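First up is the structure itself, then whatever we jot down about it.
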Amino acid sequence: MKLLMRSYDHRKIEKKWQAKWERGKCYHAKEGAGGKKFYALIEFPYLSGDGLHVGHIRSNTAMDIIARKRRAEGHEVLYPIGWDGFGLPTENYAIKTGKSPVLVTKQNTNTFRRQLKSLGFSFDWSREINTTDPAYYKWTQWIFLQFFKDGLAYKKKQAINWCPKDLIGLANEEVVDGHCERCGTPVEKREKEQWMLAITKYADRLDKDLDTVDYLERIKIQQRNWIGRSEGTQIKFEIRSTKSETNSKSEIQRPKQERIEVFTTRADTLFGATYIVLAPEIANEKFKSKNEKSQFKIQNWGEVEKYIEQVKKKTEIQRTEEGKEKTGVEIKGIKAINPATKEEIPVWIADYVLPDYGTGAIMAVPAHDERDFQFAKKFNLPVRIVVCPEYPAPKCPVLDRAYIGPGHLVGSGTFDGLTNEEAKKKIAKAVGAKPVISYKLRDWVFSRQRYWGEPIPLIHCDMCGYVPVAEKDLPVKLPVVKNYKPTATGESPLAAITKWVTVKCPKCKGVARRETDTMPNWAGSSWYYLRYLDPKNKKEFVGKEKLAYWSHSSEKLPAIPLRGISRRETSYKLQAGPVSWYNGGMEHTTLHLLYSRFWHKFLYDKGFVSTSEPYAKRTSNGLILAEGGVKMSKSKGNVINPDEIVERYGADTLRIYEMFMGPFDQPVVWSTESIIGSRRFLERVWRLGERVTEHRAWSTEHGAQNTEHRTRSTEATDTTVQTALHQTIKKVSEDIETMRFNTAISQLMIFTNALEKASAVSREAYQTLLRLLAPFAPHVTEELWGKCGKKQSIHTESWPVVSSALEGTAVATIVIQVNGKKRAILQLKNGATEGEVREAATALPEVKKWLGESTIRKVIHLPNKLMNIVVD
RNA sequence: GCCCGGGUGGCGGAAUUGGCAGACGCGCUCGACUUAAGAUCGAGUUCCGAAAGGAAUGAGAGUUCGAUUCUCUCCCCGGGCACCA
């Protein structure tokens, strides 16, 4: 085992400074007068029983570095911390151990708080919040009621994703490959009454407004894909009973016109639509009663119904596992009329058509859609080519797969010869189709049938329906119960507590029942960043002044390309905040990040917040994987406990190590073996202090060891050190902004190496090194700063700036190439002309050798950088 | 299948308007110090070659005086979505 340097005792130093900072309230956001404000945010930890993960430290350290740099740059910084507590892991743990979730939460909070404090993050601890605190979830409930009052929270009976192990309904976002995101059990479908939040009402703005925020491009792309905006048209198909054609006697068999509307993005292929397909669920709604009333005589209704039943029973996985193998049933007795060709085409039902996308019905164009093609092949339906890549089409080929590319129209009457893009609009217009935008995004299933969540603050009265709990009666507190176990019936355990459930209706005072479903664990985190601004407010979820104060905290953002915004309507004022910079995990992109944007937009529409987006900037860090490149997990026993690393190497070393491991936005593999490098670096910085000779503190403490160094000159005369110093200031400053922490640290190491090799270590150079290193390693730099005789904290120092006078160098290093291969390096004066460089270069023996007798064809010269001499 | 990343020494990784490939760190080798080990310091460490030199950034082609970087074709790894009409 490696031994660590003894004079740098991280155990003593780190505890000492943490206590001092806390006593001095050094990192409390001051809320003084004006000035630049900066709100740095990390995702507050979920209070799992496993304690802090090295992944938390990666994200927290990054934002801590940025927060500390901003303070040094004169910003007023808010960097808060809190706890996300509700949800299944805590509840399951409580059930397993028999402890109450409240107690478990308290214990976990204490663990997390201790661990986070041991790492020296500059959090404002006076603003701690906890989503399970009634004083907090009162406002989560209050916001829910605002949704309810606006009709955006509604109850709906529908087939939902049900996890048979966790006994809980899941949101679409929580289902991964047909399995429960949490426990991996295959998800079943269940008909249940659920509370829903109408996030789809905001689909358009959630997509469009991404243009106004500075998120990593891949985050935007992932959200856009999830929202799944697509522009198309709805086309009406008339439905006729086939019997009515052959038997014209009966009036009943000549019903009023019936229509099916389909959604398509390929109106250009309408002439190739050879059948239409309904989602089974839609067919049931549409034709069941009509069939019974014999408006339409469907000859095989029994068969159709049987298929509908089969589909209902299928689980998500069964549906996906079957993959491309299509199933379906023709509805016999009716036909649809293709509005372009006026032909009668058959009507089918099949589960490859989804009930909740578009209209739940499609026109099938087998020649130009892969799924329709497979279906047509299986059921022997006609394939009609209407788009050809070449025009005029050479001859009609037999397709072995659908052609989905662009081309010119064929077999489409007067539209022949048009490009399919032109035809899209013209055909849609000709058949009176209206433009429609569809989204993949679904409304958010918002109820959970479990104990450990915010109770939904509604009361059901037989007379009045659902009535909101009066604002003065909030919060609706979770009752203390003996049994938290979920019930297999799909009812929350709260339903069993008669005393809690039975209440008076707030409206009519009759006997009524409380809603017993609770909210999903995403509720509390959808607005927590607002509560940090005013965590103790009893009257409002956030005070107006506090909100206004921090809502202007967003930095001037760099110009970001506004993708397509010119074409889209921007009728409302767009502004992002209060959060200036939010870092977190990629895994929350389509969950928490999307949900909280939705909540914020709603609050904005209600006038409660003044910005249309909550986060001006969002970045994301890669995962930390266990050695071997696998995920850390308790079951694999490869979880790194940060406590042990802090104890052995110190918080500063761990922070440096995690930032140095690799590119911040990419996954990195943990290597305990490599940590020593970060520790050695800090030890070298420590030892370097002993060579800053003119200071008394060092000379008294370490006098005996460094008499040799003290005799050397202390003047900062070494220009290479000066140049390196300014390069370092520049590089570190830039790299922090772009989150390239690994190369920032590498530069600090390079500079440290340079100082070690220098004949003398100037006080200026050393202290600047400490200031640049301080955000990364706050404790050891604070200690060394004190040793330099400073009375004030290093973390109140201003950020070093590059002095432009020292940036340029007098000497340029020029690479000399012959035929593109490096052959020599020249040191010449800055700004040497091509002639001068050429003369000097060709004089060099190592260049001469390569030039030989051959003639020079060409010379490429990049001033101060490179010369390439091209010969035969 | 579609959409994002990524592929560079024994390992983590540097290198951008195309211009010194392998910075920085880990590991390893040799040396100094030490009774010894560790720590520390010094030298070395892509491959082939004794050297001169040559080859090399997943594979192959192209553009260029010059390609890790740009273009095309393909392979592999990670992540996301997945019958979304």
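Every chain is numbered from 1 and lettered A, B, ... according to where its sequence line falls, protein lines coming before strand lines. What you see is a predicted model; the values in this text were computed from it and never measured.
- Taking the C1' atoms as reference points, B:G10 lies 8 Å from B:C28, given to the whole Å.
- With a glycosidic angle more than 90° from 0, B:G38 adopts the anti conformation.
- Considering only side-chain atoms of A:Val870, the nucleotide from B:C83, B:C65, B:A82 that sits closest is B:C65.
- In this structure a side-chain-to-backbone donor-acceptor pair under 3.5 Å is present from A:Arg224 to A:Asp207.
- Taking the six-membered ring where the residue is Trp, the centroids of A:Trp444 and A:Tyr202 are separated by 6.0 Å or more.
- With hydrogens and angles disregarded, a donor-acceptor distance shorter than 3.5 Å links the side chain of A:Lys220 to the backbone of A:Val213.
- Salt-bridge formation is detected for the pair A:Arg229/A:Glu231: a Lys NZ or Arg NE/NH1/NH2 atom is positioned less than 4.0 Å from an Asp or Glu carboxylate oxygen.
- Listed by chain and residue number, nothing satisfies the side-chain hydrogen bond (donor to acceptor under 3.5 Å, both in side chains) test with A:Tyr8 (two or more places apart in sequence, or in another chain).
- Counting non-hydrogen atoms under 4.0 angstrom, A:Asp372 reaches nothing in the nucleic acid.
- Under the 4.0 Å criterion applied to side-chain N and carboxylate O atoms, A:Asp356 and A:Arg442 are assigned as salt-bridge partners.
- A donor-acceptor contact under 3.5 Å is formed by the side chain of A:Gln817 with the base of B:G19.
- Residue A:Lys849 is classed as a sugar-phosphate contact, given heavy-atom separations below 4.0 Å to backbone atoms only.
- Note: CH2 (A:Trp686) to C1' (B:A39) measures 17 Å, nearest angstrom.
- Remark: C1' of B:C24 and NZ of A:Lys731 are 11 Å apart, rounded to the nearest angstrom.
- Partners of A:Gln223 according to the side-chain hydrogen bond (donor to acceptor under 3.5 Å, both in side chains) rule, which considers only residues two or more places apart in sequence or in another chain, are A:Arg597.
- Proximity of residues 267-279 of chain A to RNA chain B (heavy atom under 4.0 angstrom from any strand atom) is not detected for any residue.
- Comparing the same atom, C1', in B:U16 and in B:U45 gives a spacing of 29 Å after rounding to whole Å.
- Look at the P atom in both B:A51 and B:G1: the space between them is 49 Å, to the nearest Å.
- A:Thr264 comes within contact range of the sugar-phosphate backbone alone, with a heavy-atom separation under 4.0 Å but no base atom that close.
- The base of B:C83 sits within donor-acceptor range of the side chain of A:Lys326, with an N or O pair under 3.5 Å.
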